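The block underneath contains the structure these notes are about, expressed in structure tokens.
Here the structure is a predicted model, which means the values were calculated and not measured. Lettering follows sequence order; numbering is per chain, from 1.
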Amino acid sequence: MASVIPMETLTESQKEAIFHKDGPLLVLAGPGSGKTRVITCRIAALIESGVRPYHICAITFTNKAAEEMRNRVAVFVPAGGVHISTFHSLCVSILRRYGEAAQIQSNFSIFDVKDQQRCMKEAIKDCQVNVTNFTPARMLDFISRLKNDLECPREFEARAAGFFEKNAARIYAKYQQILKQNNALDFDDLLVRTAFLLRDFPAVREELSARFRYLLVDEYQDTNHAQYQIAKGIALAHRNICVTGDPDQSIYRWRGADIENILVFEKDWPQAKVVKLEENFRSTPNILEKADQLIAQNMKRKAKKLIPTKEKGLDVCIEICEDESAEAHWVAEQAEALIDEGKDSNQIAVFYRVNSMSRAIEEAFVQHQLPYQVVRGVEFYARKEIRDLLSYLKVMVNSQDDVAFLRAIGTHPRGIGKTSLERLEQFARIHGLSLLEAALRAEQVETVNRPTRGRIVEFAKMVQQFRDDMEGDVSPLMERVFDASGLAKVLGADADAMDNISELFNSAAEYDQRSEEPNLMDYLQMIALYSDSDAYNAEAGRVSLMTLHAAKGLEFDHVFIIGLEDGLLPHERSSIGADDLEEERRLFFVGMTRARQTLKIGYARHRVIRGQFIRSTPSQFLYEIGFEGESDAFDSGWGEPNDFDNFASSLVSKKKPGQLYAVNELVEHSKFGLGRVKEYLDLGEDSIVVIRFNSGKTKSLMVKYAKLNSLGG
DNA sequence: CCATCAGCTTTTTTT
DNA sequence: AAGCTGATGG
């Protein structure tokens, strides 16, 4: 049989990476180095050398990447043989199959960020700590770090020192208890539990090692400690571990990714073979030169070359715009010009640092009548009506999921209020029941009004009835629940909501089609892991709009990156430490190196952020790629950068006769301090002045009472 | 019990 | 700008 691997088109180092069959292998692959192709060919080469597809496990960073990899591999071997998935999906499969050993029921719920917040609020409340110091967001972040380091509540409690840590330990324990009570795992738990399963149950580890005899991990620079341990656990017995990645593209440190994992791979696995892929087959030398110039600024890195192979192209350009809307129109015009030239919309992308920046771009694209897609998959599943319908399905699969129960019972008014539910919860607590079980016995809950008890039982019986019939295909089941639950009636008039609901039906129908053994539990666990990048459609015939993070792993002929402003990229929230700044730089590097032919970068002098008009300065990254500052010709005459007051004072309006204060005038209040006049309602003696104070608060004051001291411009 | 509204806070990135 | 919370009134 002739080899299916296209030998003649591969470089020597690519071949080395592909044909090194046994033992640890580290592939340091720069952007555009044909890494994906190398992995695919490597899988093919393993199979050609006699390894059964069944014994190969490839781990990708996103579900989308997994799907793509499956399609590529399917060219070589019948689909379904090789296990290709993300770490999280792999963990779900492992926990479903082996979790029982660690007291995990297979029908566990996966709690997303919103569910986590709900549980965390409850945990904080139960622990009765000072609420201002222990916000849910902060605690979730803190605990997530502990989990990423595989530190369980008991271990942390033992070493916790000081007021904050001691209370954090209590909250952590409580939070875990709540999750357990709900038969739920959060995203971190999926990894943690799997890592512990491998650590504590040698039989499980052996079985998995025997199954996955060749392990490949892509984007290894973004693995966290838990993922590292899982990979190690599986590969320890046979040492057939191949990891690929690029330390310069590590952008998830904030989420626990440990760049050390890839840096110490050689120490971890003695005799590891290391292959460097430094040639770049993607971008023009013009783009690579700038990208290299940028990333060279990072101190904590192993120097790596970017060797261009393409013809010289167009220069990277930087566009200075007045505000975000001007920037958006510039992008739209440029994109329109490309499309008019006959370029493919699929090959055009716009990247930005934060999701909220898509709005201005969307508005401009609508005005220019350009087709676009915002790559934001999780948004769909976060919609109210979608969550509402899914909550019924969740409680059906996992009757202990009280979070889902509460959501389902509250989707629309049924004459069951907050107080009744609180009493039901009390009853459930005392008797060690889930809310659904308690609701079925609501007649015994004497603290609740008799008519309300009846309504609770009615609801519980309905859910119980759904539970009796939940085998097989998901989509018909979903439609049945939608009608019978009363949701259909409530949402009937809302066209937008109904559109989304039918899209959900479609997605379920698609799942039923694809899946060998469709069932509700599997479906719910799968969609819980759905991510933003999964929504990317490479053949949509639209310009793609996405965050820089979502752009990872993709490539486009024409790329726009917008918002190169200080505080936005690098983002102010992550430029605290030097490490954070380096990560922001890598993020920009990732964005730049997505471009094949043209790269255009936008900078806006002003931008509205959280409803406030902000004067901005160019990002330091712009200077690092050769930007020389604005020439005088471009100067807007609005004063020095960051001098909001100068800018604002230039807008001070003229006073009408009798008007005491002008709009935008600077004033001082004896109690509230300095502020600026936002509005002046001329009502003669009763005139009202609206002032936004420096404290951030906006007040409406009667001119005749407010003791204001005018400071002019 | 439930709808509504004023007022307050808001971590940006994501599995 | 947007989402959440607590207060108010029906």
Per [X] side chain, nearest of listed nucleotides [options]:
X: Thr452(A); options: dC1(B), dT12(B), dT15(B); value: dC1(B)
X: Asp141(A); options: dT15(B), dT11(B), dC1(B); value: dT11(B)
X: Val354(A); options: dT12(B), dT14(B), dT15(B); value: dT12(B)
X: Pro413(A); options: dT11(B), dC2(B), dT15(B); value: dC2(B)
X: Ser531(A); options: dT15(B), dT12(B), dT13(B); value: dT15(B)

Below 3.5 Å, can you tabulate the donor-acceptor pairs from side chains in residues 544-551 of chain A to any protein atom, sequence neighbours excluded?
unit_1    : atom_1 : unit_2    : atom_2 : d
Ser544(A) : OG     : Gln373(A) : NE2    : 3.0
Thr547(A) : OG1    : Ala550(A) : N      : 3.1
His549(A) : NE2    : Ile251(A) : O      : 3.3

| said: Check the orientation of His88(A) and Phe187(A). Use parallel for under 30°, tilted for 30 to 60°, and perpendicular for over 60°. | reply: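 If you compare the ring of His88(A) with that of Phe187(A), the planes turn out perpendicular.
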
In whole Å, I'd like the distance from the [atom1] atom of [X] to the [atom2] atom of [N].
X: Ile562(A); N: dT13(B); atom1: CD1; atom2: P; value: 13 Å
X: Met546(A); N: dT14(B); atom1: CE; atom2: C1'; value: 15 Å
X: Tyr381(A); N: dT15(B); atom1: OH; atom2: P; value: 13 Å
X: Phe351(A); N: dT12(B); atom1: CZ; atom2: P; value: 22 Å
X: Asp112(A); N: dT15(B); atom1: CG; atom2: P; value: 12 Å
X: Met357(A); N: dT13(B); atom1: CE; atom2: C1'; value: 13 Å
X: Glu583(A); N: dT14(B); atom1: CD; atom2: P; value: 12 Å
X: Phe589(A); N: dT13(B); atom1: CZ; atom2: P; value: 23 Å

| said: Which heavy atom of Cys91(A) sits nearest to which heavy atom of Ile230(A), and what is that distance? | reply: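 Shortest heavy-atom contact: SG-CD1, 3.8 Å.
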
Partners meeting side-chain hydrogen bond (donor to acceptor under 3.5 Å, both in side chains) with [X] (sequence neighbours left out):
X: Lys125(A); value: none
X: Glu324(A); value: none
X: Gln176(A); value: Lys147(A)

Mind checking if [X] touches a base, just sugar-phosphate, or nothing, with heavy atoms under 4.0 Å?
X: Ile416(A); result: sugar-phosphate
X: Arg455(A); result: nothing
X: Thr419(A); result: sugar-phosphate

| request: Go along nucleotides 1-10 of chain C 5' to 3' and tag each nucleotide: B for a protein heavy atom under 4.0 Å from its base, S when only backbone or sugar atoms are that close, - otherwise. | output: BS--S-----

| Would you say the base of dT12(B) and the side-chain of Arg573(A) have a donor-acceptor pair closer than 3.5 Å? |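 No such pair is found, so the answer is no.
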
| message | Counting only side-chain nitrogens and oxygens, does Asn355(A) get under 4.0 Å of the OP1 or OP2 atom of dT12(B)? | response | no

| Does Trp254(A) lie flat on the base of dT13(B), that is, centres under 5.5 Å apart and planes under 30° off? | yes

| request: Before accepting this row, confirm whether a basic side-chain N of the pair Arg301(A)/Glu582(A) lies closer than 4.0 Å to the acidic partner's carboxylate O. | output: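 A salt bridge is absent here (no side-chain N lies under 4.0 Å from a carboxylate O).
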
| query | Tell me the salt bridge (Lys or Arg N to Asp or Glu O under 4.0 Å) pairs involving residues 403-413 of chain A, sequence neighbours left out? | reply | Asp388(A)-Arg407(A)

